[in-house]
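Notes for the one structure printed next.
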Amino acid sequence: EDQGLLEFAFRRDGKAPVLFQFEDMLRPEAAESVAALQAMGLDVHLLSGDREAAVARVAQAVGIATAVSRASPQAKLAYVDALSKAGKKVLMVGDGINDAPALAAGYTSMAPSTASDIGRTAAETVWMGESALAVPRAIKVSRRTQRIAKENFALAVGYNVLAVPLAMAGFVSPLVAAVAMSTSSIIVIANALRVGLGRTAQA
């Protein structure tokens, strides 16, 4: 029975063979990373060029329901393209040479610093270290950045809607206008700094 492990058989002098089984180690916090992505409402798919039993073993270990085995680089690329045409924004994560086409085709892509040279080149983001938790952390930071950018845009629009008519009507002196403009800039910058504070808290 194929249990999804790499196996070597050793036989000597006609004796019964001895079977050695080897298992690839998962990245640190792989299961936690998948759970975090799913908690964000994201669908997680596993694409691998390995055989069915090995892929099923890994998918079960990390909690991924949709897994594709024996996927060539062209098959991975086609899979990502199909998701994109279905209206999905695909984040492709990979570290191998055969992941490069799919990494380049994704809406965005990530690779660890230990990935192959072509994999790091094809990915838009490269994270340091071994832990796969970098993936959900990057998504959280990007979402927080987008939210704060929208807040800053709203603050800037609100300030101009309020201040410009007053200035045009002559109700605001140049000194008050200068102070108010500088204050609005400081508020926007201080709000933007919350991105770094949130990242530090998550770490």
Side-chain angles (χ1 to χ4, degrees), residues 27-45 62-63 80-81 83-95 99-100 102-203:
R27 287 189 174 274
E29 291 89 27
E32 292 85 346
S33 301
V34 172
L37 293 171
Q38 293 170 341
M40 296 179 192
L42 301 176
D43 295 327
V44 182
H45 300 224
V62 298
V80 172
D81 284 339
L83 289 175
S84 300
K85 291 178 180 178
K88 305 291 185 180
K89 294 182 178 179
V90 181
L91 164 60
M92 178 66 187
V93 181
D95 62 355
D99 294 324
L103 286 168
Y107 180 80
T108 187
S109 54
M110 294 182 66
S113 59
T114 55
S116 61
D117 291 340
I118 190 172
R120 293 196 305 271
T121 302
E124 293 185 355
T125 303
V126 177
W127 81 81
M128 305 302 293
E130 292 287 335
S131 177
L133 281 175
V135 177
R137 284 174 180 166
I139 295 175
K140 289 179 180 178
V141 170
S142 65
R143 287 181 173 180
R144 183 178 178 85
T145 301
Q146 286 184 334
R147 184 172 66 251
I148 291 178
K150 291 177 181 178
E151 291 175 358
N152 285 342
F153 182 77
L155 288 171
V157 171
Y159 165 79
N160 286 289
V161 168
L162 178 64
V164 171
L166 293 175
M168 293 178 63
F171 294 115
V172 178
S173 66
L175 176 60
V176 173
V179 172
M181 187 65 185
S182 299
T183 302
S184 68
S185 299
I186 292 173
I187 292 174
V188 169
I189 293 172
N191 191 44
L193 291 175
R194 292 170 51 217
V195 175
L197 295 175
R199 183 178 58 186
T200 302
Q202 290 175 5

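Because only heavy atoms are used, hydrogens play no part in the values below, and waters and symmetry mates are left out as well, while side chains stay in.
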Practice task
Please report the C-alpha distance between Ile148 and Thr145 in whole Å, then the side-chain angles of each, then the deciding distance to 0.1 Å, and finally whether the side-chain contact (heavy atoms from CB on, under 4.5 Å) criterion is met.
Solution key: CA-CA 5 Å; Ile148 291 178; Thr145 301; over 6 Å; no
Exercise for the section: Could you tell me whether the side chain of Val44 reaches within less than 4.5 Å of the side chain of Gln38, counting heavy atoms only? Expected result: yes
Exercise for the section: Supply the atom-to-atom distance Thr114 OG1 to Glu130 CD, rounded to the nearest 0.5 angstrom. Expected result: 4.5 Å
Handout entry: Close side-chain approach of Arg144 and Arg147, heavy atoms under 4.5 Å
Key = yes
Problem - N-O pairing of Asp95 and Arg27 below 4.0 Å - result: yes
Problem - Neighbour count >12 (heavy atoms, 6.0 Å) for atom CD1, Ile118 - result: no
Problem - Any Val135 side-chain heavy atom under 4.5 Å of Trp127 side chain - result: yes
Problem - Minimum-distance pair of heavy atoms, taken over all atoms of Ala30 and Val62 - result: CB-CG1, 4.0 Å
Handout entry: Between CG on residue Asn191 and CG on residue Asn152, distance to nearest 0.5 Å
Key = 4.5 Å
Exercise for the section: Provide the closest heavy-atom pair for Leu133 versus Ser33 in the form atom of the first, atom of the second, distance. Expected result: N-OG, 3.0 Å
Practice task
Could you check if a side-chain atom of Pro136 sits within less than 4.5 angstrom of a side-chain atom of Met40, using non-hydrogen atoms only?
Solution key: yes
Practice task
For the residue pair Leu42 and Ile139, establish whether any side-chain heavy-atom pair is separated by less than 4.5 Å.
Solution key: yes
Practice task
Determine the sole option in Lys85, Met92, Lys88, His45 for which the side-chain contact (heavy atoms from CB on, under 4.5 Å) test with Val80 is passed.
Solution key: Met92
Completion exercise
In this structure, CG of Leu162 is separated from OG of Ser184 (nearest 0.5 Å) by 11.0 Å
Fill in the blank from the handout: Of all heavy-atom pairs linking Val90 and Ser84, the shortest is CG2-OG, 3.9 Å
Problem - Nearest atoms (heavy-atom pairs only) where Pro112 meets Gly94 - result: CD-O, 3.6 Å
Practice task
Can you see which heavy atom on Ser131 is nearest to which on Glu29, and at what distance?
Solution key: OG-OE1, 2.7 Å
Handout entry: Shortest non-hydrogen contact from Ala105 toward Asp81
Key = CB-OD1, 3.9 Å
Handout entry: Ser109-Glu124 side chain donor-acceptor pair, cut-off 3.5 Å
Key = no
Practice task
Please check if the side chain of Glu151 supplies one atom and the backbone of Ala192 the other of a donor-acceptor pair under 3.5 Å.
Solution key: no
